[in-house]
Amino acid sequence: MVTMGRRWANTGSSLATIMFLYTIFKQWFPHMEPFFQRLFSRFYPYIQIKFHEYNGEHFKRNEVYSMIQTYLSKDSSLRAKKLKANTTKGSKSLVLSMDDREEITDEFQGVTVWWQSKKVRNTRPSFSFYPAADEKKYYILKFHRRDREVIIERYLEHVIMEGKMIKMKNRERKLYSNTPGQNHRNQTKWSHVTFEHPATFDTLAMEEKKKEEIKNDLVKFSKSKDYYKKIGKAWKRGYLLFGPPGTGKSTMIAAMANFLEYDVYDLELTTVMDNTQLRSLLIETSTKSIIVIEDIDCSLNLTGQRKKKQEEEEGDEKKAVEKKMMKNQGEDKESKVTLSGLLNFIDGLWSACGGERIIVFTTNFVDKLDPALIRKGRMDKHIEMSYCGFKAFKVLAKNYLDVEESELYDEIKRLFEDEEIKMTPADVGENLLPKSEGEEGETCMKRLIEALKEEKELAKKRVEKEVKQKKEEEEKERRKEKKVETEMEVKEEEKKRKKAKQADIEAKEEKKKKIEENGEEEH
Ligand SMILES: Nc1ncnc2c1ncn2[C@@H]1O[C@H](COP(=O)(O)OP(=O)(O)OP(=O)(O)O)[C@@H](O)[C@H]1O
Ligand SMILES: [Mg+2]
């Protein structure tokens, strides 16, 4: 053991001596350096790869360098002793990277590699239009010769992929919306703001089971790149969210985007002039995004047929649709986007774009949508957002008031289980929201109880009104039928009367004729 230790010590000191002599020699005989480098590399078992921050001229930052920087930021924050903190454009958090001249090791499939961050001063004068930076930064990756295959074929790809993923995670997400441009064609364009919606699946008032199902579906989709490739389908998934206003459709979209860390494209179809514009807008959307078309039933003059149907409808629903349509029609006078244009894009063209995209349609009236729009395969998952139940209420109470249990819960539960009471999560939330500084949770819940009772009264009145209306309509119908019946009877009577009169006239004429004939015979 001692001999072994001594032998290592000897080898170490010999190597140090050789290195020292080599350095001296290099200074005295600089023209011999290439020769020595070749000789040295023959015995040196390591390979080095350099990754410069800038390529060629100094105007474009090397993408690979920035991926490596991001990749190393994950480990260097734990391992390196000296760190640098930067804020990067479009990134939501600080990026920590190892400081210049630091070194960290990394392990990959049992292989060890060393990363060094280096910097050299630029001594050459620059004549370029773009002034040269004072210093050049680069990373050096060092690994053993025997690991060349693993590193070149797998490790580098792993570094780039990981770097991309971390970057994606750290990026500031955006909410895009299309607004008409100022040019003569009014070409609509995406503009964006930072997406900072606070909704998450935790804050979404919905049955836990349903939430889990949606979350699992999203996760499965986001991890199925290879599967979609295998079955030859574009990597996209369509969701249709339907339900009355205020049940959380838009909130659900925000929760989805936050869950998957996707960007959101809020597509306002009424400002899109034609299918060509729609196509270019959709092609511009980036991967890892949710494309949202809200109120699809009112967004488009998709089919005249549907509009007609709506006109035939009566009652509150019709009024609500009309209201929304009026809102949109002012703007869609010239929009020529067609259902087939939209469907073609959803189905076909996207296949060529690659990347993962989710498309979400929302509507208040699912029954009125064109079946072509919502068939499975186009809209893969239909999610009903409905009125608030007791379970959903509990989520809201936890979010709004931080209350998980209360003696008022029994009464609230009873009220929510009453089928006559229909209150949206938006209304429940409004009642639970403290109206003044320091308002107690109990007060808010009592307010909700009152509102629920009021809702029950209203519902009762609504039902009574409906019953009364129905009765009146039936009575009207009955009277109408009676009137028709009477009219028919009168007509029948009239007909009979006319017939009798006609018969009488004919009989008289017959008689007259006979008398005349008899008179002639007597003569
Ligand atoms: N399920 C829910 N969970 C949590 N909050 C909700 C839920 N539903 C509604 N809300 C609250 O009500 C507000 C309105 O909801 P939202 O805009 O998501 O409804 P919507 O279904 O999109 O309505 P519309 O059909 O009118 O677009 C939201 O700001 C949110 O605070
Ligand atoms: Mg909405």
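Atoms within a ligand are numbered from 1 in the order they appear, just like the ligands themselves.
Close approach of ligand 1 to Pro425 (heavy-atom distance below 4.0 Å) involves ligand atoms 1 (N), 2 (C), 7 (C), 8 (N), 9 (C). Within the listing of ligand 1, atoms 15 (O), 16 (P), 18 (O), 28 (C), 30 (C) sit less than 4.0 angstrom from a heavy atom of Thr251. The ligand atoms of ligand 1 that sit less than 4.0 angstrom from a heavy atom of Lys249 are 18 (O), 19 (O), 20 (P), 21 (O), 22 (O), 23 (O), 24 (P), 25 (O).
The shortest N/O to N/O separation between Gly246 and ligand 1 falls below 3.5 Å. Geometrically, ligand 1 and Glu294 share no nitrogen or oxygen pair separated by less than 3.5 Å. Considering backbone and side-chain N/O atoms, Gly248 comes within less than 3.5 Å of an N/O atom of ligand 1. Looking at ligand 1, you'll find an N or O of Ala205 within less than 3.5 Å of one of its N or O atoms. Checked against a 3.5 angstrom limit, the closest N/O atoms of Thr247 and ligand 1 fall inside it.
Gly429 does not count as a contact of ligand 1, since none of its heavy atoms falls under 4.0 Å from the ligand. Within the 4.0 Å heavy-atom cutoff, Thr362 does not count among the residues contacting ligand 1.
With no hydrogens or angles considered, a side-chain donor-acceptor pair links Glu294 and Ser250 at under 3.5 Å. In summary, the side chains of Lys167 and Ser66 do present a donor paired with an acceptor at a separation below 3.5 Å, with no hydrogens or angles considered. In the model, Asp295 has no side-chain atom that pairs as donor or acceptor with a side-chain atom of Thr363 under 3.5 Å. Of the N and O atoms on the side chains of Glu196 and Thr194, not one donor lies less than 3.5 Å from an acceptor on the other residue. Between the side chains of Asn178 and Tyr265, no donor N or O sits under 3.5 Å from an acceptor N or O. Between the side chains of Glu356 and Tyr262, at least one donor N or O lies within less than 3.5 Å of an accepting N or O. With 3.5 Å as the limit, one finds no donor-acceptor pair spanning the side chains of Thr285 and Tyr176.
Only the side chain of Leu396 comes within 4.0 Å of ligand 1, counting heavy atoms alone; its backbone N, CA, C and O stay farther away. Residue contacts with ligand 1 for Val395 are absent, since no atom lies close enough (heavy atoms, distance under 4.0 Å).
At a threshold of 2.8 Å, the Mg ion (ligand 2) has a backbone or side-chain N, O or S atom of Ser250 nearer than that distance.
Under the 4.0 Å criterion applied to side-chain N and carboxylate O atoms, Asp380 and Lys236 are not assigned as salt-bridge partners.
Annotation: the span from Cys444 atom SG to Leu408 atom CG amounts to 11.0 Å, rounded to 0.5 Å.
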